[in-house]
Structure formats: C-alpha cells, structure tokens
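Everything numeric here is computed off the predicted structure, so don't read it as measured data. The basis for the numbers below is simple: all heavy atoms, side chains too, and nothing from hydrogens, waters or symmetry mates. Sequence lines set the chain letters: A, B, ... in the order given, protein chains first and strands last, and positions in each chain run from 1.
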2 protein chains.
Amino acid sequence: MTITIGDAARASGVSEKMIRHYEAIGLVRPARQANGYRHYAEPDIAVLRFIRHARDLAFPLEDVRRLLALWHDRGRASGEVRRLALGHVAALEAKAQSLQAMANSLKHLAATCHGDDRPDCPILDELEGKH
Amino acid sequence: MTITIGDAARASGVSEKMIRHYEAIGLVRPARQANGYRHYAEPDIAVLRFIRHARDLAFPLEDVRRLLALWHDRGRASGEVRRLALGHVAALEAKAQSLQAMANSLKHLAATCHGDDRPDCPILDELEGKH
DNA sequence: CTTGACCCTCCCATGATGGGAACCCCCAGA
DNA sequence: TCTGGGGGTTCCCATCATGGGAGGGTCAAG
C-alpha cells in the first residue's frame with residue numbers, strides 16, 4: 001500500500017532519478033518511513049505530475065518552482081502566472097526562430113552545393129570565411 | 001610578432017577559454033614556444049575562424065571535427081559535407097518546431113487566462129492535469 | 001537462509017561555456 | 001634592481017537537466 005519512489009515514478013511519469021533531484025532542490029518533500037524509504041502521498045504525486053507537465057512545456061526548473069508556489073497559493077493572481085507563461089513563450093519563440101534561421105542559412109548553402117564526388121563545396125567555403 | 005592566444009582570440013572571435021578547450025579535444029594544435037606559450041600560425045587562426053562559423057550555425061563540436069577533417073581533405077566528396085549539413089538542418093528544424101509547438105500550446109493556454117487579480121487560471125489547471 | 005526486487009546515498013558524465021585561483025613570464029619605469 | 005602590470009599557464013568548479021553506475025541496506029517470497 002505504501003507508495004514508494006518506484007510507484008511514484010510510474011504514477012507520475014517522472015524518473016526516480018529526477019524525483020530525487022526535485023527533492024534535492026526542494027520542489028517536493030516526501031515523508032520518510034522508518035527504514036529511510038521515501039513515501040509519497042497523493043498530493044506529492046500531483047506535484048510530480050505538475051512538474052512533468054511544466055517540463056513538457058520546457059519551463060526551466062526555477063520557473064517550475066515559481067509556478068508551484070503560485071499553484072499552492074490559493075489567493076494568487078492569475079496575472080502573475082500569465083506573465084510568467086508569456087515570458088517563457090517569448091523565450092521559446094526566440095530560440096525557435098534562432099534555430100530556424102540557422103537551418104535556413106544552412107539549407108540555402110546546401111542548395112548551392114552539388115553534393116557529388118567533386119571536392120568543391122560552397123558549405124566549406126562559407127565556413128572558411130570566403131565571401 | 002609572435003601570435004599568442006590573446007591575439008588569436010581577437011583575430012578569430014573565439015574566446016581564449018574556448019581556444020584552449022578546442023585544443024584539449026584535438027580540434028586545433030598550436031605550436032609551443034620555449035616558455036610554454038601557445039603560438040598560432042595563420043592556418044591555426046583559419047581553423048579557429050572555421051570553428052566559430054560552424055558554431056554560429058550550431059554544429060555540435062563532433063560535427064565540427066568531421067567538417068574540419070573534410071575541409072583539410074583536398075579530395076573529399078562534397079556529397080559528404082552536404083549530407084552532414086542536411087542532417088544538421090533536420091536536427092535544427094526538429095528542435096525549432098518542437099519549441100514552437102510548445103510556445104503555441106502555451107500561448108493558447110495564456111489566451112484563455114484573464115490574467116488579472118482573480119486566482120482561477122487555466123494555465124495552472126492544465127499543468128495540474130485537469131482536462 | 002538465500003534470492004531478487006526494491007530502496008538508499010554518492011560520484012561521474014553529458015555539451016559548450018565561463019569564472020576564478022595559484023602560479024609563471026616578460027618588459028618598462030622608478 | 002626591484003616592482004607593477006599585463007600577458008600567459010594549469011586546474012578546479014559551475015551551469016542545466018538528466019542518466020549511469022557502484023556499493024550497500026531492506027524486505028518478502030521461496
């Protein structure tokens with residue numbers, strides 16, 4: 001009946017390793033049994049699921065910490081949550097656009113490279129710095 | 001006259017720290033002077049610039065290693081370079097799309113959150129796992 | 001009493017980068 | 001000649017989130 005870390009991992013979709021890590025940085029505080037084993041009650045599992053969902057959206061753990069605090073705070077202002085989320089959206093989009101821009105540059109370069117057995121290659125020329 | 005690591009850093013746009021790191025992993029092999037100082041000849045600077053350009057396109061250092069080998073190989077087939085580049089393009093685009101997808105999910109959630117002083121918040125509801 | 005499936009804590013590695021300590025080298029100015 | 005300063009050198013540590021693995025404790029079923 002006692003929910004140990006393995007059960008919690010299966011129930012939450014968070015690896016045991018990560019569950020221990022989240023505890024080490026203070027995101028979750030499971031009780032301990034007499035033998036030293038961690039024990040997870042329902043609210044602990046809910047916290048782990050919350051963390052997983054937030055991580056699925058790539059919130060950094062420090063953001064997750066704030067989100068958890070807001071979640072636990074019955075009287076929080078949803079505006080704060082929204083600001084945090086939109087800040088993260090901005091970061092995600094900036095990163096996505098940066099990556100896509102690099103992909104596009106490289107695609108254009110690759111398009112001008114015949115890509116056969118011949119050695120001449122505009123991709124290497126560009127990396128070398130020829131313009 | 002002797003080009004030391006500081007000069008190489010300024011000439012290549014790569015930090016001293018990174019220049020030493022690239023040497024540690026075998027991407028560049030500067031000569032050493034009698035006093036132990038590294039000495040960079042023109043080809044070394046060119047390698048550093050090449051690395052920087054590749055890193056600007058977010059090629060992982062292991063890819064950079066292969067690109068350098070191909071670059072040094074006068075008889076390489078441009079097809080190999082092209083394959084490597086297109087593989088990286090695919091990785092970049094996958095990552096970019098993944099990030100953009102997360103941003104979109106979160107934007108939609110944020111759009112349904114009034115974001116005022118009231119506590120109810122669909123963002124937290126979603127993270128909690130209510131459906 | 002052994003076996004096997006758990007659990008525990010620690011240490012190490014990833015990838016690319018930076019910070020900083022402790023120490024060496026060299027040159028110019030007092 | 002001493003000193004200061006601006007190089008250089010190596011080595012260790014931190015980041016961020018995650019996983020691997022060693023070495024050892026716990027417990028129930030056979």
Side-chain angles (χ1 to χ4, degrees), chain A residues 1-40 44 47-48 50-68 88 91-92 94-95 98-99 102, chain B residues 1-40 44 47-48 50-68 88 91-92 94-95 98-99 102:
Chain A
M1 257 310 55
T2 305
I3 299 177
T4 61
I5 197 170
D7 304 318
R10 277 179 291 274
S12 65
V14 178
S15 75
E16 299 185 17
K17 275 285 195 209
M18 280 301 100
I19 295 179
R20 293 195 188 93
H21 181 57
Y22 296 155
E23 178 179 353
I25 64 174
L27 297 189
V28 66
R29 314 198 152 281
R32 293 287 180 138
Q33 291 171 299
N35 58 13
Y37 286 18
R38 292 168 178 84
H39 171 250
Y40 297 84
D44 297 316
V47 166
L48 291 174
F50 184 101
I51 295 174
R52 182 170 65 80
H53 294 146
R55 288 293 303 141
D56 285 347
L57 291 171
F59 277 102
L61 287 179
E62 279 313 303
D63 283 11
V64 176
R65 187 190 302 280
R66 289 183 211 114
L67 288 169
L68 277 171
H88 183 50
L92 286 171
K95 189 82 177 187
S98 158
L99 294 179
M102 295 188 241
Chain B
M1 261 303 63
T2 306
I3 299 178
T4 60
I5 197 170
D7 304 318
R10 277 179 290 275
S12 65
V14 178
S15 74
E16 298 186 17
K17 275 284 196 211
M18 281 302 100
I19 295 180
R20 293 197 188 93
H21 180 58
Y22 296 155
E23 178 179 354
I25 64 175
L27 297 189
V28 66
R29 314 198 151 283
R32 293 285 180 138
Q33 292 169 297
N35 60 13
Y37 286 18
R38 292 166 177 84
H39 171 248
Y40 297 85
D44 298 316
V47 166
L48 291 174
F50 184 102
I51 297 175
R52 181 169 66 81
H53 293 146
R55 288 294 303 141
D56 285 348
L57 291 172
F59 277 102
L61 287 179
E62 279 314 301
D63 283 12
V64 176
R65 186 191 303 280
R66 288 184 211 111
L67 288 169
L68 277 171
H88 183 50
L92 287 172
K95 188 81 177 187
S98 157
L99 294 179
M102 295 188 242

Provide the start and end nucleotides, 5' to 3', of the part of DNA chain C that has atoms under 4.0 Å from heavy atoms of chain B. C/dA16 to C/dC26
Below 4.5 Å, heavy atoms only, C-beta onward: do A/Leu68 and A/Phe50 meet side chain to side chain? yes
Estimated bend of the helix from C/dC1-D/dG30 to C/dA30-D/dT1 (axis per five terminal pairs, rounded to 10 degrees): 50°
Between B/Leu27 and B/Val64, what is the shortest heavy-atom contact and its length? CD1-CG1, 4.3 Å
Which residues in residues 53-62 of chain A have at least one heavy atom lying under 4.0 Å from any atom of DNA chain D? A/Arg55, A/Pro60, A/Leu61
Contact check, side chains of A/Arg65 and A/Leu61, non-hydrogen atoms, under 4.5 Å: no
Going 5' to 3' along DNA chain D, which are the first and last nucleotides with any atom under 4.0 Å from a heavy atom of chain B? D/dG7 to D/dC11
Report which part of the nucleic acid B/Arg38 touches: base, sugar-phosphate, or nothing (heavy-atom distance under 4.0 Å, all strands). sugar-phosphate
Under a 4.0 Å heavy-atom cut-off, which of residues 21-37 of chain B touch DNA chain D? B/Arg32, B/Gly36, B/Tyr37
Quick one: on DNA chain C, does B/Lys17 or A/Lys17 contact a more 5' nucleotide (nearest heavy atom)? A/Lys17
I'd like to know if A/Glu23 pairs up with A/Arg20 as an ion pair, taking the criterion as any Lys NZ or Arg NE/NH1/NH2 lying under 4.0 Å from an Asp or Glu carboxylate oxygen. no
Got a second to check how far B/Ile3's CD1 is from B/His39's NE2, nearest 0.5 Å? 6.0 Å
Going by number, which of residues 2-13 of chain A have a non-hydrogen atom under 4.0 Å from DNA chain D? none
Is the side chain of B/His88 donor-acceptor paired with the backbone N or O of B/Asp63 at a distance under 3.5 Å, no angle test? no
Are the side chains of B/Ile5 and B/Tyr37 in touch, meaning some heavy atoms are under 4.5 Å apart? no
Heavy atoms of B/Ala58 and A/Met102 approach each other most closely as CB-SD, 3.4 Å
Are A/His53 and A/Leu57 packed together at the side-chain level, in the sense that at least one heavy-atom pair is separated by less than 4.5 angstrom? no
Note, A/Val47 side chain near A/Ile51 side chain (heavy atom, < 4.5 Å): yes
For A/Ile19 and A/Ser12, the nearest pair of non-hydrogen atoms, with its separation, is CD1-OG, 4.3 Å
Taking side chain as C-beta onward, heavy atoms only, is B/Val14 less than 4.5 Å from B/Arg55? no
Over all atoms of both residues, closest heavy-atom pair of B/Gly13 and B/Arg52: O-CD, 3.3 Å
Show the nearest heavy-atom pair for residues B/Ala8 and B/Leu48, with the distance to one decimal. CB-CD1, 4.2 Å
Side chains of B/Arg32 and B/Arg38, heavy atoms from C-beta outward: is any pair under 4.5 Å? yes
Any idea which heavy atoms bring A/Ser15 and A/Ala9 closest together, and the distance? C-CB, 4.3 Å
